[in-house]
Amino acid sequence: MHPPALVNRSERAHDSDAAIRQTDSDAALARLSAVRKGYLNDRFINSLVPRAQLQPLRPPLINIGTYVRSEAIDRLVEQWLELSKPEGQLCQIVSLGAGSDTRFWRLMEGPWKEQLGAYFELDFPDVTLKKAMAIRNPRSGLSTTLGPSELDLGGQALHSSRYHLLPCDLRKAPADIFPGLFKDHLSPGLPTLLLFECVLVYMSPEASSTLIQWFVDFFTPSTQTPLPGTLGGAVYEMFGLEDAFGKVMMNNLRARNISLPGAKPYPSLESLPARFLRNGFTSAKALTLRNIKSNCIEPSELERISSFEMLDEVEELNLVLEHYAITWGVKASSDVTVSPWIEWGLRPVKQELD
């Protein structure tokens, strides 16, 4: 959430992919910190962070940003699962650039367990290799929730009855890799939610558009699937980096050998829904994290998290939250205006009266 600190020259020598992979470690450490401070509940994150008990806490700014991001995406996921209930269908979730995310395990211990048909996580091969090793480690407890599983592709892939960990480079042509990767595990007939958490911004606009379009085509009516499942997508990433604050963020990232080619087409909040709309989605909306924090989280919950630690950098927090957004979109098989999926999305909460 917070613009990365400057690093020394030896770290700059790392290749750009290694630098991108490091951002997942940053996110995992931020989540671990937010959990330890009480912002979030996640008993699984310790199993995916090396030497978790020795990691230092993050500043309040990062803890709050991590909380808002997680709370918003959790609500979108839970709404998606809830909306599929009346149709009597299980849901699929595809997390692209999943890294050290623990959402599958949290869902499997919650009220949505029976609604989840399949959960896919895709990331760089060395990321999935490490995650597969952590999952198979009997001390982690991850395999207990997962159930029986099998390794594949030299340990870089892992499959269970509902969970599939798949290695790939998302920048490559999906038509060349996805059919052999998903095989028959991904069904075009079920409601499916795509999650992109800080991944498309590291890709070229052309590559990210091609990636989304592959899923749009997969969930388009065909002879084999005349009534495909509803397709949804949620993107979390930074945007509007042309102002002074954004340029500081970009410079700090360049010092880590990280570039953001996917940010340039999105200079404003209003530009973000186009990512989905130009690729055949029926509807799309976007909100900044600042707006989500102010309007979509209950005042009682904001009061709860405000008690954990003092925040002196209120203005800086607002600047950071204004440069991150969540965009969500739906490609419905029927008219979205009469579809239950029109209800899916982040909405303002009723303000509590004194």
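Positions are given from 1, in the same order as the sequence printed here. Worth knowing before you read on, the calculation uses all heavy atoms, side chains too, and leaves out hydrogens, waters and symmetry mates.
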Any residue meeting side chain to side chain donor-acceptor pair (under 3.5 Å) with D152, in chain and number order, not counting sequence neighbours
none
Between N63 and F308, is any pair of side-chain heavy atoms under 4.5 Å apart?
no
Where the side chain of T145 meets the backbone of L142, is there a donor-acceptor pair that is under 3.5 Å apart?
no
Pair R75, E78 - check salt bridge (charged side-chain N to carboxylate O under 4.0 Å, His left out), show working.
CA-CA 5 Å; R75 292 186 184 196; E78 290 168 5; over 6 Å; no
Does I258 belong to the same Ile/Leu/Val/Met/Phe/Trp/Tyr cluster as M238, with side-chain heavy atoms less than 4.5 Å apart forming each link?
yes
From R31, K37, R36, residue fulfilling salt bridge (Lys or Arg N to Asp or Glu O under 4.0 Å) relative to D42
R31
Atom CD in Q79, atom OG in S84: separation rounded to 0.5 Å?
12.0 Å
After noting the C-alpha distance and the side-chain angles of N291 and L289, does the key distance pass the side chain to side chain contact (heavy atoms under 4.5 Å, CB included) rule?
CA-CA 5 Å; N291 186 287; L289 289 201; over 6 Å; no
Looking at the rings of Y236 and F196, which for Trp means the six-membered one, are their centres under 6.0 Å apart?
no
With a 6.0 Å cut-off on the ring centroids, do Y163 and W105 count as close?
yes
R106 vs D74 side-chain heavy atoms within contact, under 4.5 Å:
yes
Side chains of F182 and I177 in contact at under 4.5 Å (non-hydrogen atoms):
no
Using every non-hydrogen atom in the two residues, find where V68 and I292 come nearest and quote the distance to one decimal.
CG1-CG2, 4.0 Å
Note: G262 and Y266 closest approach over all heavy atoms is O-CD1, 3.4 Å
Check E197 with R103, please: is the shortest side-chain N to carboxylate O separation under 4.0 Å?
yes
Which heavy atom in A72 sits nearest to a heavy atom in I326, and how many Å separate them?
CB-CD1, 3.4 Å
Regarding E322 and N318, do their side chains bring together a donor and an acceptor under 3.5 Å, going by distance alone?
no
How long is the gap from CD on Q213 to CG on D217, to the nearest 0.5 Å?
4.5 Å
Report yes if the side chains of R256 and N252 come closer than 4.5 Å at any heavy-atom pair, otherwise no.
no
Is the shortest distance from a Lys or Arg side-chain nitrogen in K130 or D123 to a carboxylate oxygen in the other one below 4.0 Å?
no
Can a donor-acceptor pair be found, under 3.5 Å and without considering hydrogens, that links the side chain of S204 to the backbone of A207?
yes
Distance-only, no hydrogens or angles: does the Q92 side chain make a donor-acceptor pair with backbone N or O of S187 under 3.5 Å?
yes
With a 4.5 Å cut-off on side-chain heavy atoms, are I297 and Y67 touching?
yes
Using side-chain heavy atoms (C-beta onward) and a distance below 4.5 Å, is L170 in contact with L122?
yes
Chi angles and distances behind the salt bridge (charged side-chain N to carboxylate O under 4.0 Å, His left out) call for R171, D17:
CA-CA 11 Å; R171 297 166 299 187; D17 286 354; 2.9 Å; yes
The test is side chain to side chain contact (heavy atoms under 4.5 Å, CB included); show your working for L321 and T288 and say whether it passes.
CA-CA 7 Å; L321 297 184; T288 67; over 6 Å; no
Review item, side-chain donor-acceptor pairs of residues 43-58, under 3.5 Å, at least two apart:
{"unit_1": "R43", "atom_1": "NE", "unit_2": "E109", "atom_2": "OE1", "d": "3.1"}
{"unit_1": "R43", "atom_1": "NE", "unit_2": "E109", "atom_2": "OE2", "d": "3.4"}
{"unit_1": "R43", "atom_1": "NH2", "unit_2": "E109", "atom_2": "OE2", "d": "2.5"}
{"unit_1": "S47", "atom_1": "OG", "unit_2": "S140", "atom_2": "O", "d": "2.8"}
{"unit_1": "Q55", "atom_1": "NE2", "unit_2": "P50", "atom_2": "O", "d": "3.1"}
{"unit_1": "R58", "atom_1": "NH1", "unit_2": "P56", "atom_2": "O", "d": "3.2"}

Which pair of non-hydrogen atoms, one from S160 and one from L146, has the smallest distance, and what is that distance?
OG-CD1, 3.4 Å
When the ring centroid of F245 is compared with that of H323, is the distance short of 6.0 Å?
yes
Tell me whether R21 forms a cation-pi arrangement with F124, defined as NZ or CZ under 6.0 Å from the six-membered ring centre and within 45 degrees of its axis.
yes
Side chain of T210, backbone of E206: donor and acceptor closer than 3.5 Å?
yes
Test side-chain contact (heavy atoms from CB on, under 4.5 Å) applied to S259 - qualifying residues, sequence neighbours left out
P261
Quick one: CD1 on I212 to CZ on R278, what's the gap to the nearest 0.5 Å?
8.0 Å
Rounded to the nearest 0.5 Å, what separates atom CG in L193 from atom CG in L81?
8.0 Å
So, does S33 use its side chain to make a donor-acceptor pair with the main chain of A30 at under 3.5 Å?
no
So do the side chains of L195 and V94 get within less than 4.5 Å of each other, counting heavy atoms only?
no
So, E237 side chain and V201 main chain: donor-acceptor pair closer than 3.5 Å or not?
yes
Closest non-hydrogen atom pair, L211 against P174
CA-CG, 4.1 Å
Using atom types as modelled and distance alone, determine if a side-chain donor or acceptor of T23 lies under 3.5 Å from a backbone N or O of I20.
yes
Looking at H164, H159, R136, which one forms a side chain to side chain donor-acceptor pair (under 3.5 Å) with S149?
R136
Which atoms form the tightest heavy-atom contact between P167 and L181, and what is the distance?
O-CD1, 3.5 Å
Under 3.5 Å: donor-acceptor pair, side chain of T66, backbone of I64
no
Under 3.5 Å, side chain of N251 to main-chain N/O of K247, donor-acceptor pair present?
yes
Could you work out, with side-chain contact (heavy atoms from CB on, under 4.5 Å) as the rule, every residue matching S208, not counting sequence neighbours?
L200, M203, R275
Interatomic spacing from CH2 in W328 to CG in L346 - rounded to 0.5 Å:
4.5 Å
Return the set of residues passing side-chain contact (heavy atoms from CB on, under 4.5 Å) with P188 (not counting sequence neighbours), or none when no residue passes.
F218, T225
F276 and F281 aromatic centres sub-6.0 Å
yes
Does K264 form a salt bridge (charged side-chain N to carboxylate O under 4.0 Å, His left out) with E242? I'd like the steps, not just the answer.
CA-CA 8 Å; K264 191 170 184 179; E242 298 302 317; over 6 Å; no
Taking C-beta and beyond as the side chain, do K285 and P273 meet within less than 4.5 Å on heavy atoms?
no
Side-chain donor-acceptor pair under 3.5 Å between N279 and S209, yes or no?
yes
Please collect all ring pair (Phe, Tyr, Trp, His ring centres under 6.0 Å) contacts where either partner lies in residues 77-100, sequence neighbours excluded, each pair once.
W80-W341, W80-W344
For S283 and G329, indicate whether the former's side chain and the latter's backbone hold a donor-acceptor pair under 3.5 Å.
no
Nearest 0.5 Å please: distance from the CD atom of Q115 over to the CD1 atom of I93.
10.0 Å
Co-membership, hydrophobic cluster, residues L186 and L158, 4.5 Å side-chain:
no
